[in-house]
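Report on the following structure.
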Amino acid sequence: MNLLLTASGLRNETLRDALRDMLGKPFGSANVVFVPTASTAEPGDHGWFVADMNLLHGLGWREFDVLELNGLPRQMVLDRLLHADVIYVEGGSHYHLARSITGNGLADGFLEALESRVYVGVSAGSMIFSRNLTGHSADVIGDARDLHVLGATTVEPPFGLFDWYLKPHLYSPDFPERDDAWADRIAARADFPIYFIDDETAVRVRDGKVDVLSEGRWRFHQ
């Protein structure tokens, strides 16, 4: 399983090179499927979404598919995932994304697809693999409101692959409150490991090994 879990997509050459290496062939010889589901739960301006989709499209894929996880037959969704070489899951609400995967019965098929494909997560798309994606972690992190606005108080982790949690956008100008003091407060009350990564960083999971690729800054709290 090959996962490249970013905060803001393939923003720099280090992350793009990592994807090329994980893919093992040129982008022009590969199919990518872009999953916008998490973004649809976010209100307001979506210029960030358009910019990231354009950046990804500009890498020059053989085929660029767009796949919404809700509203389509389950097998159609899984077939489209299996047709891709790279599954790219956009940011937005990680709670909406997780609930879309579990609510549509996609978790097992999604994991099967990931056994032989490269997964790139952006923000919410990078946060859904922790077994600590729960109502408890929402309280710890301080984003339970994002869960409640969906009419929910609990969330089931769709995959539960890791005990560590990923929190993106450290030091980001788009999230000015996410500074060292913010990370310190969360780490002090967390009872699970956390990666805090900035917008130039990714956590890479390759053949069971975890490392961090960065042109920016990041923190890990055990």
Side-chain angles (χ1 to χ4, degrees), residues 1-40 42 46-69 72 76-92 94 97 100-101 106 109-129 158-159 161-162 166 168-169 172 174 195 197-216 218:
M1 187 172 295
N2 293 302
L3 313 176
L4 189 65
L5 306 178
T6 79
S8 290
L10 305 171
R11 297 252 304 224
N12 58 59
E13 199 59 36
T14 295
L15 302 183
R16 292 189 288 271
D17 284 346
L19 178 56
R20 288 188 188 95
D21 180 55
M22 295 166 81
L23 182 59
K25 59 183 175 182
F27 296 148
S29 301
N31 299 338
V32 63
V33 59
F34 179 90
V35 179
T37 300
S39 71
T40 63
E42 290 294 315
H46 275 58
W48 58 270
F49 169 85
V50 175
D52 193 49
M53 184 168 64
N54 284 338
L55 187 155
L56 179 66
H57 182 262
L59 296 179
W61 304 91
R62 178 175 61 192
E63 180 178 300
F64 188 97
D65 188 16
V66 177
L67 175 63
E68 168 55 45
L69 300 183
L72 294 173
M76 180 184 292
V77 172
L78 297 179
D79 287 346
R80 299 260 293 272
L81 294 175
L82 291 169
H83 182 67
D85 301 292
V86 175
I87 299 171
Y88 189 100
V89 180
E90 187 55 85
H94 55 300
L97 178 59
S100 297
I101 293 169
L106 298 171
F110 214 116
L111 278 179
E112 182 180 345
L114 293 182
E115 291 177 2
S116 54
R117 284 151 189 84
V118 181
Y119 179 98
V120 180
V122 180
S123 191
S126 296
M127 298 173 69
I128 57 174
F129 291 94
F159 305 125
L161 295 183
F162 316 117
L166 187 150
H169 309 305
S172 171
D174 295 325
Y195 284 96
I197 65 172
D198 76 357
D199 292 343
E200 304 294 332
T201 299
V203 176
R204 177 174 58 182
V205 182
R206 191 173 193 180
D207 299 326
K209 298 180 180 179
V210 180
D211 64 354
V212 177
L213 305 172
S214 183
E215 291 189 13
W218 58 280

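Side chains included, hydrogens not; waters and symmetry mates left out as well; all remaining heavy atoms used.
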Item checked: Exercise: identify the closest heavy-atom pair between P158 and I101 -> CB-CG2, 3.7 Å
Checklist line | All side chain to side chain donor-acceptor pair (under 3.5 Å) counterparts of E68, not counting sequence neighbours | finding: T37, N70
Next item on the list: Mind checking ring-ring contact (aromatic ring centres under 6.0 Å, His included) for W61 and listing every partner two or more places apart, or none if nothing turns up?
Entry: F27
Notebook entry, point to check: What residues form a side chain to side chain donor-acceptor pair (under 3.5 Å) with E63, not counting sequence neighbours?
Noted result: H83
Next item on the list: With sequence neighbours left out, write down each residue that passes side-chain contact (heavy atoms from CB on, under 4.5 Å) with K25, or none if nothing qualifies.
Entry: L23, S29, A30, D85
Check: Would a distance-only check, ignoring hydrogens and angles, find a side-chain to backbone donor-acceptor pair under 3.5 Å from T201 to S214?
Finding: no
Check: Any side-chain heavy atom of L97 within less than 4.5 Å of one from L69?
Finding: yes
Item checked: Evaluation steps, side chain to side chain contact (heavy atoms under 4.5 Å, CB included), between N2 and L114 -> CA-CA 7 Å; N2 293 302; L114 293 182; over 6 Å; no
Next item on the list: Can you tell me which residue pairs pass the salt bridge (Lys or Arg N to Asp or Glu O under 4.0 Å) test with a partner in residues 50-60, sequence neighbours excluded?
Entry: none
Check: Looking only at heavy atoms, which two atoms of S126 and V122 are closest? And how far apart?
Finding: OG-N, 3.6 Å
Next item on the list: Could you check D198 against W218 for side chain to side chain contact (heavy atoms under 4.5 Å, CB included), going step by step and ending with a plain yes or no?
Entry: CA-CA 6 Å; D198 76 357; W218 58 280; 5.8 Å; no
Notebook entry, point to check: Any side-chain heavy-atom pair from V86 and N31 closer than 4.5 angstrom?
Noted result: no
Next item on the list: Sorted by first residue and then second, give each salt bridge (Lys or Arg N to Asp or Glu O under 4.0 Å) pair with at least one member in residues 113-126; sequence neighbours left out.
Entry: none
Margin query: Donor-acceptor check, side chain of T14 to backbone of E215, threshold 3.5 angstrom: yes or no?
Written below: no
Notebook entry, point to check: At what distance, to the nearest 0.5 angstrom, does CG of N54 lie from CG of L59?
Noted result: 11.0 Å
Notebook entry, point to check: Given the rule in the side chain to side chain contact (heavy atoms under 4.5 Å, CB included) test, do L3 and F162 qualify, once you have shown the distances and angles that lead to the verdict?
Noted result: CA-CA 12 Å; L3 313 176; F162 316 117; 3.8 Å; yes
Checklist line | Listed partners of D199 passing side chain to side chain donor-acceptor pair (under 3.5 Å), at least two apart | finding: S8, H169, S172
Next item on the list: Would you please name every residue forming a side chain to side chain donor-acceptor pair (under 3.5 Å) with R11, sequence neighbours left out?
Entry: E200
Notebook entry, point to check: Quick one: does L10's side chain get under 4.5 Å of V120's, heavy atoms only?
Noted result: yes
Next item on the list: Return the set of residues passing side-chain contact (heavy atoms from CB on, under 4.5 Å) with L72 (not counting sequence neighbours), or none when no residue passes.
Entry: L67, M76, V77, R80
Checklist line | Which atom of A18 lies closest to which atom of L4, heavy atoms considered | finding: CB-CD1, 4.3 Å
Checklist line | Separation of L213 CG from L5 CG (nearest 0.5 Å) | finding: 10.5 Å
Check: Closest approach of G91 and S123, non-hydrogen atoms and distance?
Finding: CA-CB, 4.1 Å
Checklist line | From CZ (F34) to CG (L56), nearest 0.5 Å | finding: 7.0 Å
Next item on the list: Check A84 against V32 and note the closest heavy-atom contact, atom names and distance.
Entry: CB-C, 4.3 Å
Notebook entry, point to check: Who pairs with W48 by side-chain contact (heavy atoms from CB on, under 4.5 Å), at least two apart in sequence or on another chain?
Noted result: S39, H46, E90
Next item on the list: Test V118 against every option in I87, D21, L19 by the side-chain contact (heavy atoms from CB on, under 4.5 Å) rule and name the one that passes.
Entry: L19
Next item on the list: Not counting sequence neighbours, which residues clear side-chain contact (heavy atoms from CB on, under 4.5 Å) with V210? List them please.
Entry: W164, Y195, V203, V205
Notebook entry, point to check: Considering only heavy atoms from C-beta outward, does the side chain of P36 approach that of F49 to under 4.5 Å?
Noted result: yes
Notebook entry, point to check: Among all residues two or more places apart in sequence or in another chain, which pass the ring-ring contact (aromatic ring centres under 6.0 Å, His included) test with Y119?
Noted result: F129
